[in-house]
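The model shown is predicted, which means the values in this text are computed figures rather than measured ones.
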Amino acid sequence: MATLEDLQKSGARVRAAEQELEVARGARDDLIRDVRLSTKHTVPAIAEAAGVSLATVKTVIRGLRQ
């Protein structure tokens, strides 16, 4: 039977994973900006390399997501 302590531990793991994901996304977004500024790669090529949509790359490049 699950306990309240089990639920608290699970919640803590989820919060830690969400924080780690935000850090990873930030690092990826920084790389997207750097690649776009320092190379002649196209937005579709950057999106494919990053494993994200064209819209995500455009949002990052335009600075709408920091």
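Using a 4.0 Å cut-off between a side-chain N of Lys or Arg and a carboxylate O of Asp or Glu, R25 and E22 qualify as a salt bridge.
Atoms OG1 and CG, on T59 and D29 in that order, are 9.5 Å from each other to the nearest 0.5 Å. To the nearest 0.5 angstrom, K9 atom NZ is 12.0 Å from L7 atom CG. Atom CG of L21 sits about 8.5 Å away from atom CZ of R28, to the nearest 0.5 Å. Here the straight-line distance linking atom CZ of R15 with atom CD of E20 works out to 15.0 Å at 0.5 Å rounding. Note: L54 CG to I46 CD1 = 10.5 Å, rounded to the nearest 0.5 Å.
Taking 4.5 Å as the limit, every side-chain heavy atom of I61 sits out of range of all side-chain heavy atoms of R33. Proximity of V57 to V60: side-chain heavy atoms (C-beta onward) are nowhere separated by under 4.5 Å.
Residue pairs meeting the side-chain hydrogen bond (donor to acceptor under 3.5 Å, both in side chains) criterion with at least one member in residues 41-53, sequence neighbours excluded: S53-T56.
Grouping the Ile, Leu, Val, Met, Phe, Trp and Tyr side chains by contacts below 4.5 angstrom, directly or via other members, places V43 apart from L31.
Under the side chain to side chain contact (heavy atoms under 4.5 Å, CB included) criterion, D34 pairs with no residue at all, not counting sequence neighbours.
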